[in-house]
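See structure below.
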Protein chains: 2
Amino acid sequence: MRAMSRSTILDAIRNAGLISRIDLARTTGFSQSSVTGLTAELIREQLIIEKKVGEYEGGRPPMLLSLNPDGAYVVGVNITFDTIVAVIINMEARVLAIQRTPIEKNRHSVADIADGIVRAVQACIWEANFSKEQISGVGIGIPGLVDSDSGIIRFMPNYNWENVNLRDLVQMQLKHPIYIENSSNTLAIAEQWLGEGKGVGNFLVVTLENGVGLGIVIQGHLYRGQSGTAGEFGHITIDPGGPPCRCGKNGCVESYAGNISILRAARIAAQNGDWKPQHPDITYDDVLNSALAGNTCLIDIFKTAGQKLGLGISHLITLFNPAKIIFTGRGVRAGALMFDSMDAQMKLHLSTKFGPSQTQIVIKHWNEKDWARGAGTLVLGELYKSPMSRMAGLGKTMSPPG
Amino acid sequence: MRAMSRSTILDAIRNAGLISRIDLARTTGFSQSSVTGLTAELIREQLIIEKKVGEYEGGRPPMLLSLNPDGAYVVGVNITFDTIVAVIINMEARVLAIQRTPIEKNRHSVADIADGIVRAVQACIWEANFSKEQISGVGIGIPGLVDSDSGIIRFMPNYNWENVNLRDLVQMQLKHPIYIENSSNTLAIAEQWLGEGKGVGNFLVVTLENGVGLGIVIQGHLYRGQSGTAGEFGHITIDPGGPPCRCGKNGCVESYAGNISILRAARIAAQNGDWKPQHPDITYDDVLNSALAGNTCLIDIFKTAGQKLGLGISHLITLFNPAKIIFTGRGVRAGALMFDSMDAQMKLHLSTKFGPSQTQIVIKHWNEKDWARGAGTLVLGELYKSPMSRMAGLGKTMSPPG
DNA sequence: ATGGTTATTTTAAAATCGTGAATGTATATA
DNA sequence: TATATACATTCACGATTTTAAAATAACCAT
């Protein structure tokens, strides 16, 4: 009961960034005295602080409250095809330390990756001169289908894992509370907390990596579906006669717009002689660079990807009517190569009879850190729900050592 | 605050149908004394009643509580292309009276329909020997895009209405509280209340009429989207090269699976000589009957409709991961003609990598009354939220006159 | 300094809500 | 008829929040 009141206050502070008690009373609907009581409790627990004095407006100037950046620290870890990125973030999700660990080729058994995560977390904490007691938890983002309750990864196409329990393996070596979740979902939470989704009730996050993922936020809550498989946007069939997909079907969104699908199309073009790569072992980045340099054959590949993606996005808008769709992931670096045709195709498949589309399209500049940070916010969210579970004792000073 | 507790109790009673106080305490988590207090309040307000004594189980036999069927009466109205159906329902959503009013051809201005609704409501109340004071509200279901807050119908393809305020026109002649909502949404609410959606957190209702509609229930709440246009499933593009749609695009789900689209396809077949209808002015029912009688050309039309619908449904399952999808509307009478091919196509476009589909497909026997009843439950829901708003005084006896 | 104004805190009284413990009630069976 | 058992109610209590009012704090203008 009081947990809900606390949450309301915390959410309001997070949304505002910097807010006085009187404005808290106004926005939350609590009485002034209740706000005083609740904020006093949160200050005592060091979740929030009196940051600075606000603008004079004719009387006593307001004391502006903010989250306590140093109220807790957590580690966020993101796994991509070839890299483990771990970051330490503070209560404001600011990245204080970062650690990249390459995944060696063919070293991606579950045990290998679990060890890699543990080492990355330890190295990150060590190099930033933190002690492990200062870390309240570890969040792990996975590009695949995750049952976040049981911790089981049901399907992860990158390494072709099915039904493996990565969390337990990591937990055996790390004593911190560990949370695991699909990367698109962690990004959605991160956007809701501190990014484009702040204060937005309904929005979607589309991730363009090797696969194409979707995080769904509805009425302010992450939506996972009845059995946790909602949002497999990458695997809706756009064209039944299309190229094969890692999911076993043909013509999925992902089989056009996923980075490995673009790479595959480029390889086929190279085989057909439509394009001469500089070296035989081409990567997605090679393809992207050549396309950006003006190779028309490769430009066409991105254009097609954008078109198919655009049709899929039109489905999302028509079905979800979100306030925003946020694009992120390595794939957004293609920029206009992909998004111009996406935009055109999307508009083509939205009926004007329902009024102009209210959905705002946001393309985030891609940033490796953001993904690991997203995994970290997963833990921050849990801390907010029950701050008692913080590992670090409340009495201790929590200033960053670095 | 207490409103939520009351709702919890009411929901539990509605879900159970018949339940003792002690079981209420068990299912809701309230203490026995709280349940006594809350139920006493609800009984005083005549929302629930002590229905009968339950089975002896070793001690004092439980007193079983149920909703008070006669706690309130509301009118539900549904508009289809050619008919206005009004029903009186009680608190259990049982239909006590029904009134059909045909809509004359070319008499479908907003004023005409508003008058038709008013007359239908009045006739329904009159013929069932109710007094207007006994009716707590009127719910109207519209096959189109409705802004339920403002009461404005943004787009209704049947009569090609755009941005008209039907509610205000009706309100000028009826003093009751009037609610207006998209039919698919009213049906979703009705299913959640008393049908297949009872106790199911996430489910979808697909309506097959002239158009194809979608009602979305997520985490127990109807989802309307950011600006109220969520769920326009009928207008996602299945095949960009497909037939034109009333929405201005081509190849929408509706342009294959909507009843008028099937009728159109049959007319074209007749023109081409592929089929000889018995009379020139054919209707959807003629087409359906000839197909059921074995006309292969028409069977193919239904088969194609089912296939396109199936692809669309696979999108819904992949994106929403609902526990159930409930099909209703005149179109379900096509039965296996449509659903066999739908089923096959749907399965084809669901990846097996995410485990077997957990989504249960439910096809409801079509029934004209259900739609009007659905519009009525819209009002019942409002009554539950704030029983004080009931028009009929709490002190009055509320037994049905008939 | 003084007064005016707005922000915050404190205080006390009252309301609301749910709980636990004890009590009351209804039934079948020994 | 007494008893065991399970259901229901009563009542005093604690936790939480609100209202209202007063006190305090901080700042500017005069």
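Residue numbering restarts at 1 for every chain, and letters A, B, ... go by the order of the sequence lines.
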Length of the [atom1]-[atom2] vector between [X] and [N], whole Å:
X	N	atom1	atom2	answer
B:D23	D:dC7	CG	C1'	10 Å
A:E50	C:dA7	CD	P	16 Å
B:R21	D:dC7	CZ	C1'	9 Å
B:L65	D:dA8	CG	P	7 Å
A:K51	C:dA7	NZ	P	22 Å
A:L24	C:dT6	CG	P	20 Å
A:F30	D:dT19	CZ	P	12 Å
B:I9	C:dC17	CD1	C1'	13 Å

From the set [options], return the single nucleotide nearest to any side-chain atom of [X].
X	options	result
A:V53	D:dC27, D:dT17, C:dG18	D:dC27
B:P61	C:dA26, D:dT17, C:dA7	C:dA26
B:S34	C:dA7, C:dT19, C:dT9	C:dT19

- Message: Just verifying a value: how many Å separate A:I140 CD1 and A:L378 CG, rounded to the nearest 0.5 Å?
- Response: 9.5 Å

- Task: Drop me the distance from A:I218's CD1 to A:L204's CG, to the nearest 0.5 angstrom.
- Result: 7.5 Å

- Message: For B:K198, is the NZ atom crowded, meaning more than 12 foreign heavy atoms sit under 6.0 Å from it?
- Response: yes

- Ion pair check, A:K175 and A:E133, cut-off under 4.0 Å: no

- Query: Would you call A:K364 and A:E191 a salt bridge, using N to O less than 4.0 angstrom?
  - Reply: yes

- A:T39 or B:V35: which one's nearest nucleotide on DNA chain C is closer to the 5' end? A:T39

- Message: At 4.0 Å (heavy atoms only), tell me whether A:S33 reaches a base, stays on the sugar-phosphate, or touches nothing.
- Response: base

- Message: At 4.0 Å (heavy atoms only), tell me whether B:E57 reaches a base, stays on the sugar-phosphate, or touches nothing.
- Response: sugar-phosphate

Phosphate OP1/OP2 of [N]: any [X] side-chain N/O under 4.0 Å:
X	N	value
B:T36	D:dA8	no
A:S31	D:dT17	no
A:S5	D:dT17	yes

- Query: Want to settle it: does B:L64 or B:Y56 sit nearer the 5' end of DNA chain D, counting the closest nucleotide to each?
  - Reply: B:Y56

